[in-house]
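Note that this is a predicted model, so its numbers are computed, not measured.
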Amino acid sequence: MTVTERIVALRKLMKKKGIDAYLVPTDDFHGSEYVGDYFKCRKYITGFTGSAGTVVIMQDMAGLWTDGRYFIQAAQQLEGTPVTLFKMGEPDVPTIHKFLEENLKEGMCLGFDGRTVSGEEADQLKKNLEKKQVRFSVNEDLIGEIWQNRPSLSCEQVMELDVKWAGKSREDKIQEIRTKLKEKGASLFVLTSLDDIAWLLNIRGNDIHCCPVVLSYLVMDEKEIRLFANEKAFPESVKKALSADGVTIYPYNDIYDYVQTISGEKKIYLSRSNVNSRLISNIPEKVTILDGENLTLLPKAVKNETEVQNEKIAHIKDGVAMVKFIHWLKKNVGKQEITELSAADKLYDFRSEQEKFLGNSFDPIIAYGAHGAIVHYGATEETNIPLEPKGLVLMDTGGHYLEGTTDITRTVVLGPVTEKEKKYFTAVLRGHLNLAAAKFRYGCTGLNLDSIARGPLWAMGEDYNHGTGHGVGYLLNVHEGPQSFRWKNPADRPAPVLEEGMITSDEPGYYAENEFGIRHENLIVCKKAEKTAYGQFMKFESLTMVPFDLEGIDPAQMEAEERALLNQYHALVYEKISPYLDEDEKSWLKEVTQAI
């Protein structure tokens with residue numbers, strides 16, 4: 001069926017069931033950023049493939065809301081469909097909540113699959129629509145009813161992550177979280193975020209493409225941990241190890257029945273912004289629910305010393321693969337056919353040569369020329385174009401290793417570039433270098449520091465429509481909270497303090513629609529600097545070890561200190577990476593890391 005036919009079929013079903021508006025988010029049952037094929041309902045009903053977006057379907061309209069990363073991509077993919085693009089955050093564009101308030105009439109019915117909408121989101125919708133006495137239908141998966149040949153739920157094999165990689169045993173992590181649970185005055189902790197569960201139990205899987213997590217729910221009390229998952233995914237050795245630490249496996253969907261049996265005197269701790277609304281609605285009304293951020297969130301984000309040291313190893317391996325790839329690319333572009341897709345395959349081959357490489361940490365973005373202006377472009381057979389010996393190619397890629405997760409963007413010069421391209425290439429690099437070199441007092445957040453990266457662009461009256469940086473998991477999700485670099489934050493989400501051990505991306509960019517895109521990204525780890533009478537000062541250390549392309553830089557635009565920062569970084573890249581290269585590659589690396 002075409003997108004139009006699918007929407008027609010959905011509207012017929014809505015009419016039959018008395019549903020006036022149907023909400024289709026991107027989420028799976030766990031609030032994951034990326035989702036498995038079974039959960040891609042929003043993609044199915046609209047054809048839009050981006051990782052973020054929500055759809056509202058009514059009898060007389062269909063709309064997709066997405067953010068600035070996807071404006072260009074969404075406009076292209078929605079062309080010729082009955083779906084209207086709503087650009088989130090743009091002037092005069094209503095939020096989904098505002099749109100529903102204005103367009104749902106008295107007594108109408110709003111439907112959604114409650115497993116894909118968080119408790120917090122459902123509460124807000126009910127509050128906003130209460131005055132219109134809007135009814136809710138939240139127990140039906142309407143997309144599932146019209147989706148022919150829907151993929152099945154994933155059941156990939158689970159592996160145990162040894163303490164030499166995790167740095168902390170499962171037993172110690174469980175004890176830490178139980179202590180936090182007791183401090184909260186609760187007897188049960190409900191955890192449904194897949195990366196948090198994987199971190200807590202030192203397990204990894206492959207149930208979401210590029211995300212080594214296991215489809216599961218978890219309930220912890222002072223004695224037992226109930227893990228609701230597909231037991232077939234667990235080898236006997238892993239089941240025994242989990243059992244030894246008090247973890248018992250129950251069928252995946254039994255969580256909804258189990259929470260109904262919790263006695264009224266219990267106090268449950270959970271995150272309403274993470275746990276889905278259907279699960280919360282199954283908890284008896286007499287049970288007290290204590291709402292707060294997941295107890296695992298901060299311990300997971302603050303990497304221990306073993307994790308930090310392992311990540312340094314992972315980034316040297318990744319740096320070797322990237323340097324070999326960029327050297328190969330520059331040497332062969334224009335001499336043999338290289339396309340966006342074949343370049344991504346070649347980079348995968350180089351990464352695969354590295355020991356303990358497990359796979360991509362996200363789908364690679366190799367975006368040549370005008371495609372670089374599409375922030376989260378993903379090449380397909382239809383859009384794939386050859387790379388030519390001119391202009392810029394933006395390459396945002398990453399890998400999972402047993403030693404950790406990488407995420408790197410390099411914008412590479414393939415041939416002659418314009419003065420405009422050099423101007424913005426340099427401005428973005430200056431912002432990147434200045435943020436990486438920042439020193440700040442403990443207590444600062446990403447809100448305090450974001451403007452450092454945007455400064456050179458803001459001075460030109462320019463900007464980019466995405467955050468400057470996100471947290472990164474340890475052999476987990478490439479996007480991990482709670483920390484980030486951004487210049488504004490939702491009012492109800494206080495920005496977290498930057499702690500020692502947090503690994504965050506530093507990735508300012510610039511995008512000229514239909515011309516080119518530029519982004520420079522390293523991962524940086526937060527560390528303690530000196531302590532003075534004013535308190536503890538903090539700084540960053542770059543983990544990523546790959547040169548920035550000198551051919552794109554106009555040194556005259558840079559301050560002397562910025563040139564020194566680049567030269568210091570390039571000297572370190574050469575020192576760390578050159579021992580793993582052949583003579584030709586080593587000679588090339590020496591040339592491209594020379595001081596400017």
Q: With side-chain contact (heavy atoms from CB on, under 4.5 Å) as the test, would you mind laying out the steps for Glu480 and Lys300 before giving the verdict?
A: CA-CA 9 Å; Glu480 175 183 281; Lys300 174 167 58 74; 3.5 Å; yes

Determine whether [X] and [Y] make a side-chain contact, defined as any pair of heavy atoms from C-beta on separated by less than 4.5 Å.
X      : Y      : value
Phe189 : Leu295 : yes
Leu23  : Thr54  : yes
Gln260 : Ile283 : no
Pro212 : Asn206 : no
Arg135 : Leu110 : no
Val56  : Leu100 : yes
Thr504 : His470 : no
Ser137 : Lys17  : no

Shortest non-hydrogen separation from [X] to [Y] and the atoms involved:
X      : Y      : result
Phe112 : Ser277 : CE1-OG, 4.1 Å
Leu392 : Gly517 : CD1-O, 4.5 Å
Phe29  : Asn276 : O-ND2, 3.1 Å
Gly63  : Val83  : C-CG1, 4.0 Å
Ile177 : Pro299 : CD1-CG, 4.4 Å
Ala75  : Leu85  : N-CD2, 4.0 Å

For [X] and [Y], which I'm curious about, is there any donor-acceptor pair between the side chains at under 3.5 Å?
X      : Y      : value
Thr380 : Glu382 : yes
Glu507 : Ser505 : yes
Thr116 : Asp27  : no

Nearest 0.5 Å, please: how far is [atom2] in [Y] from [atom1] in [X]?
X      : Y      : atom1 : atom2 : value
Ser32  : Asn274 : OG    : CG    : 9.5 Å
Thr49  : Lys43  : OG1   : NZ    : 6.5 Å
Asp318 : Thr405 : CG    : OG1   : 10.0 Å
Ile365 : Thr409 : CD1   : OG1   : 7.0 Å
Ile19  : Arg11  : CD1   : CZ    : 14.0 Å
Trp199 : Arg204 : CH2   : CZ    : 10.0 Å

Q: Check whether NZ of the Lys or CZ of the Arg Arg42 lies under 6.0 Å from the centre of the six-membered ring of Phe48 and within 45 degrees of that ring's axis.
A: no

For [X] and [Y], I'd like to know if the aromatic rings sit close, meaning centre-to-centre distance below 6.0 Å.
X      : Y      : result
Tyr511 : Phe516 : no
Tyr464 : Tyr510 : no
His209 : Tyr34  : no
Tyr474 : Trp165 : no
Tyr348 : Phe357 : yes
Tyr217 : Tyr256 : yes

Check this for me: does any side-chain nitrogen of one of [X] and [Y] sit under 4.0 Å from a carboxylate oxygen of the other?
X      : Y      : answer
Lys239 : Glu231 : yes
Asp123 : Lys126 : no
Glu311 : Lys303 : no
Asp141 : Arg150 : yes

(Q) Can you tell me how the ring of Tyr258 sits relative to the ring of Phe228, calling it parallel under 30°, perpendicular over 60° and tilted otherwise? (A) tilted

Q) How are the rings of His30 and Tyr252 set to each other: parallel, tilted or perpendicular (split at 30° and 60°)? A) tilted

[Y] backbone acceptor or donor facing [X] side chain under 3.5 Å:
X      : Y      : answer
Arg351 : Asn360 : no
Arg410 : Met395 : no
Ser361 : Gly399 : yes
Ser342 : Ile338 : no
Ser271 : Glu293 : no
Asp207 : Leu215 : yes
Arg519 : Pro508 : no
Lys173 : Leu201 : no
Asp506 : Glu521 : no
His400 : Cys210 : yes

Q: Mind running salt bridge (charged side-chain N to carboxylate O under 4.0 Å, His left out) on Lys346 and Asp349 for me, showing each step along the way?
A: CA-CA 5 Å; Lys346 187 69 174 180; Asp349 291 341; 5.3 Å; no

(Q) Pair Ile255, Tyr250 - check side-chain contact (heavy atoms from CB on, under 4.5 Å), show working. (A) CA-CA 8 Å; Ile255 179 74; Tyr250 294 86; over 6 Å; no

Q.
side-chain hydrogen bond (donor to acceptor under 3.5 Å, both in side chains), that's the test. Do Glu340 and Thr383 meet it? Break it down for me.
A. CA-CA 9 Å; Glu340 292 168 327; Thr383 66; 4.8 Å; no

Q) Hey, is CD on Glu79 packed in by over 12 heavy atoms from elsewhere, all under 6.0 Å? A) no

Q.
How about NZ on Lys98, more than 12 heavy atoms from neighbouring residues, nucleotides or ligands closer than 6.0 Å, or not?
A. no

Q: Please lay out, stage by stage, how Val3 and Ile45 fare under the test side-chain contact (heavy atoms from CB on, under 4.5 Å).
A: CA-CA 6 Å; Val3 167; Ile45 202 66; over 6 Å; no

(Q) Apply side-chain contact (heavy atoms from CB on, under 4.5 Å) to residues Ile289 and Arg272 and explain how you reach the verdict. (A) CA-CA 9 Å; Ile289 295 177; Arg272 296 185 82 93; 4.0 Å; yes

Q: Go through Asp113 and Arg278 one step at a time and tell me if the salt bridge (charged side-chain N to carboxylate O under 4.0 Å, His left out) criterion holds.
A: CA-CA 8 Å; Asp113 182 347; Arg278 190 185 297 183; 3.0 Å; yes

**Q.** Intermediate values then yes/no, ring-ring contact (aromatic ring centres under 6.0 Å, His included), Phe99 and Phe86
**A.** CA-CA 10 Å; Phe99 178 87; Phe86 289 78; 5.7 Å; yes

